[in-house]
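Shown next, in structure tokens, is the structure this report addresses.
Counting begins at 1 with the first residue of the sequence. Model, not experiment: these values are computed from the prediction.
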Amino acid sequence: MELSAFLTSVGINSAIAVLLFLLYSVLRKQPGNLNVYFGPRLALASERQNYPPSLLRYLPSPSWVVKAWETTEDDILALGGMDALVFVRIIVFSIRIFCIAAVICMFLVLPVNYYGKEMIHHDISSETLEIFTIANVKESSEWLWTHCFALYVITCSACGLLYFEHKSISRTRLAYITGSPPNPSHFTVLVRAVPWSAEQSYSESVKEFFMKYYASSYLSHHMVHRSSRVQRLMNDAERICRVFKSVSAEQKSKPCLLPCFCGAPNSFDILSNEPDNVRGNIGLDVSNLATEKENAVAFVCFKTRYAAVVAAEILHSENPMLWVTEMAPEPNDVLWSNLSIPYRQLWIRKIAVLVASIAFMFVFLIPVTFVQSLTQLEQLSHAFPFLKGMFKKKFISQVVTGYLPSVILILFLYAAPPTMMVFSTIEGSVAHSGRKKSACIKVLYFTIWNVFFVNVLSGSVIGQLTKLSSVKDVPKHLAEAIPNQIINVYKKSYESGGQYWPIAHKTIIASLVLTQIIALGIFGIKKSPVASGFTIPLIVGTLLFNEYCRQRFFPSFQKIAAQVLTQMDQQDEQGGRMEEIYQQLKFAYCQFRLISLDLCNIRQADQQRDRDGIRDSEAETAEIGTAEQQVDDTGTADCYMDRQGPISK
């Protein structure tokens with residue numbers, strides 16, 4: 001590809017970037033888009049404001065960029081959480097590495113490549129891109145040391161920045177965890193593979209086990225039920241609540257009927273804003289709810305964070321496939337549907353997903369390689385003879401060879417993220433964040449394979465070079481990734497505590513090692529033993545640095561130190577907050593959001609009596625009977641927190 005075609009692609013991408021920049025700055029000012037661009041702020045506002053018509057709405061302005069870059073990390077941490085801060089730090093880190101690499105390659109590597117062979121150079125605009133690559137450097141050239149030197153500078157810069165980012169993010173993460181309100185997930189353990197017993201229910205088995213081995217620290221437990229039908233009703237209820245919230249105050253003050261076309265069986269057909277009608281249309285029948293079965297999964301709550309960590313780390317059975325424990329995810333992070341997957345199936349699912357992911361990558365080679373081959377003018381002219389006359393026009397040929405490959409590649413890559421998300425769901429992750437992290441890693445491998453290897457093996461590096469030179473992603477980063485969106489658009493639903501940073505670290509190290517191995521191979525082809533000899537220690541040093549980071553920083557992202565947890569427990573006890581935390585734990589992991597609070601309180605009182613050794617069967621029967629009557633009257637679902645499991649009618 002000629003340099004002119006490459007510059008044409010850069011010009012098109014720049015024009016698209018400017019257009020998106022102007023379009024975004026105008027759309028964000030329109031009152032009709034306020035719920036899109038400023039949703040969290042509107043949710044906190046008591047009433048909507050009226051905005052008079054103004055010509056300034058339709059004039060683009062760069063003020064949003066200034067505000068975005070002026071946002072501090074403390075603001076991001078307070079509004080978006082640790083995950084949002086880590087995401088921004090990843091972008092900033094990438095920009096720094098890109099700037100370092102761009103400077104050294106622009107002023108050192110490119111001139112060496114351009115004058116690497118003794119040849120007559122034409123006008124620079126008509127030169128091919130191969131002139132600017134290491135392929136233009138003659139064999140055994142003494143100037144190959146510049147490429148080795150550039151490799152050292154980029155690697156050392158990346159490792160140094162990674163080290164300081166690790167230290168900074170680790171400190172920030174620890175301060176964020178200790179300074180945040182008590183998190184129910186720090187007190188809760190997810191127990192899977194509960195052994196089946198013909199003599200008692202899963203709930204009774206869980207209670208008996210933890211009362212026996214953790215009598216002083218056990219607080220309560222929540223069983224997980226097979227409740228797909230109920231969960232659909234809950235999802236419908238949440239949709240209706242969102243509809244009610246979006247209605248203006250004037251409309252809310254008048255009785256009205258809102259049609260809901262949810263498309264699911266047993267969903268709401270027509271709902272009124274009157275409480276009785278809402279309850280009547282919800283139609284949660286406890287007699288049907290009671291038929292839902294218990295899973296061999298439970299959330300077990302403890303009195304202290306330290307006790308929960310100890311229970312999560314200990315092997316509880318001679319059979320490692322029974323009584324499997326791990327720290328529970330946040331309540332909003334729980335992926336309830338995957339909790340029904342038997343634990344013994346997980347390893348089979350992971351193998352199946354691995355095979356399916358590899359198969360998907362190889363199947364994806366067919367359309368990508370075919371389309372990439374068609375982007376060559378000779379092959380296009382041969383396949384479509386009627387295009388020969390069009391390709392004779394210089395601008396058209398430059399657009400086809402310089403811009404079309406990246407567009408086609410990006411369009412095909414759009415299919416990868418949702419596919420990998422499906423694979424990660426099948427894999428059996430119990431948390432939304434875990435599913436997204438797994439999908440992120442799969443997409444990373446997929447992108448490396450298809451964007452790099454496929455393009456190289458198919459003889460077309462246009463897509464990769466155009467992608468690297470493309471600036472059309474700048475407004476995407478500014479509009480979606482920087483602080484202008486974290487503060488105003490996205491509302492945090494759950495928090496993983498910045499656990500995406502280790503993924504970024506592994507990606508950077510893998511990229512560095514891959515680059516070094518490729519450089520080692522090129523130096524061998526170019527017959528430069530000096531450059532090859534200096535590259536080998538660089539690879540070894542990068543791997544040693546990675547291992548050091550794994551030992552020094554990674555454990556702090558995977559677990560919280562017992563010292564820190566003990567200090568947090570002591571502070572809560574001295575501050576008198578433990579009872580409040582215990583009350584929060586009662587309902588934190590209820591599987592169903594619509595619950596009868598009176599019924600939950602009765603069940604918790606029953607559990608408390610059992611822990612204290614006070615057993616009164618007659619009083620218990622009377623309370624359960626009263627609870628059943630209350631559920632029949634209210635039509636709501638209980639949270640299944642007692643040892644007896646669902647109420648039988």
Side-chain angles (χ1 to χ4, degrees), residues 73-74 77-78 81-83 85-86 166-191 206-207 209-222 298-316 325-334 431 433 492 494-499 501 552-590 601 604-605 607-613 641:
E73 290 189 354
D74 293 336
L77 191 63
M82 192 65 201
D83 288 338
L85 178 61
V86 166
H166 265 299
K167 292 186 64 176
S168 176
I169 293 177
S170 298
R171 288 195 302 265
T172 305
R173 181 176 183 270
L174 181 60
Y176 178 78
I177 292 175
T178 56
S180 299
N183 192 332
S185 63
H186 295 167
F187 294 84
T188 308
V189 171
L190 176 62
V191 182
V206 170
K207 180 177 179 180
F209 182 87
F210 285 94
M211 283 292 292
K212 179 178 180 180
Y213 297 106
Y214 298 91
S216 60
S217 59
Y218 167 75
L219 181 65
S220 63
H221 70 274
H222 310 254
F299 290 96
V300 180
C301 302
F302 292 84
K303 296 180 180 179
T304 62
R305 299 174 180 87
Y306 181 78
V309 171
V310 172
E313 296 297 327
I314 289 179
L315 186 65
H316 290 89
T325 57
E326 61 181 288
M327 293 302 297
E330 289 190 358
N332 291 333
D333 194 16
V334 177
S433 59
K492 181 181 67 173
Y494 56 84
E495 178 71 51
S496 70
Q499 294 185 14
W501 177 251
R552 170 62 177 84
F553 297 110
F554 277 30
S556 62
F557 285 90
Q558 299 170 354
K559 303 175 184 178
I560 304 177
Q563 179 183 8
V564 175
L565 295 176
T566 303
Q567 292 175 355
M568 295 172 67
D569 289 334
Q570 292 174 352
Q571 292 175 0
D572 289 334
E573 291 177 357
Q574 295 172 1
R577 293 185 293 268
M578 297 307 294
E579 288 300 326
E580 180 182 352
I581 295 174
Y582 295 161
Q583 291 297 323
Q584 182 183 6
L585 290 174
K586 291 181 181 179
F587 314 111
Y589 288 92
C590 286
N601 290 332
Q604 281 301 122
Q607 287 188 346
Q608 184 64 39
R609 284 198 311 273
D610 289 345
R611 285 194 302 271
D612 296 339
M641 293 170 55

Checklist entry - side chain to side chain contact (heavy atoms under 4.5 Å, CB included) between Gln499 and Arg173: does it pass, once the steps are laid out? => result CA-CA 10 Å; Gln499 294 185 14; Arg173 181 176 183 270; 4.2 Å; yes
Checklist entry - Should His316 and Ile314 be marked as a side chain to side chain contact (heavy atoms under 4.5 Å, CB included) after you check the CA-CA gap, both sets of side-chain angles, and the distance that decides it? => result CA-CA 6 Å; His316 290 89; Ile314 289 179; 4.2 Å; yes
Item to check | Stepwise side chain to side chain contact (heavy atoms under 4.5 Å, CB included) check, Ser496 with Met82 | outcome: CA-CA 8 Å; Ser496 70; Met82 192 65 201; over 6 Å; no
Next on the checklist: Working note: Phe557 + Ser170, criterion side chain to side chain contact (heavy atoms under 4.5 Å, CB included); need CA distance, chi angles, decisive distance, verdict.
Outcome noted: CA-CA 8 Å; Phe557 285 90; Ser170 298; 3.6 Å; yes
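Between Arg171 and Leu174, the closest side-chain pair of non-hydrogen atoms is not below 4.5 Å. A heavy-atom distance below 4.5 Å is found between the side chains of Ser185 and Tyr589. A 4.5 Å side-chain heavy-atom check between Lys586 and Cys301 finds every atom pair outside the cut-off. Counting only heavy atoms from C-beta outward, the side chains of His222 and Ser220 approach each other to under 4.5 Å. Proximity of Phe299 to Val334: side-chain heavy atoms (C-beta onward) are separated by under 4.5 Å at one or more points.
Around CD of Glu326, the count of heavy atoms belonging to other residues, nucleotides or ligands within 6.0 Å exceeds 12. Heavy atoms from other residues, nucleotides or ligands lying under 6.0 Å from CD of Gln563 number 12 at most.
In this structure, the side chain of Asp569 engages the main chain of Tyr306 through a donor-acceptor pair within 3.5 Å. Distance alone, capped at 3.5 Å, is enough to place a donor-acceptor pair between the Thr325 side chain and the Ala311 backbone. Judged by distance alone, with hydrogens and angles left aside, the side-chain atoms of Asp333 form a donor-acceptor pair with the main-chain N or O of Ser433 at under 3.5 Å. For Tyr582 (side chain) and Lys303 (main-chain N/O), a donor-acceptor pair under 3.5 Å exists by modelled atom type. Between the Asp572 side chain and the Arg577 main chain, no donor and acceptor come within less than 3.5 Å of each other.
Of the inter-residue distances, the one linking Lys207 atom NZ with Phe210 atom CZ reads 13.5 Å to the nearest 0.5 angstrom. The distance from the OG atom of Ser556 to the CD1 atom of Ile169 is 10.5 Å, given to the nearest 0.5 Å. One distance of note links CE of Met568 with OG1 of Thr304; it measures 12.0 Å at 0.5 Å rounding.
The nearest pair of heavy atoms linking Met327 to Ala308 is SD-O, 3.7 Å. The minimum heavy-atom distance between Tyr176 and Gly81, with the atom names listed, is OH-CA, 3.8 Å.
Between Ile177 and the options Leu565, Ile560, Val564, Thr172, a side chain to side chain contact (heavy atoms under 4.5 Å, CB included) holds for only Ile560. Of the options Thr188, Leu219, Val189, a side chain to side chain contact (heavy atoms under 4.5 Å, CB included) to Phe302 is made by Val189 and by none of the others.
The aromatic rings of Phe553 and His166 sit parallel to each other, their planes meeting at less than 30°, with 60° as the upper class boundary.
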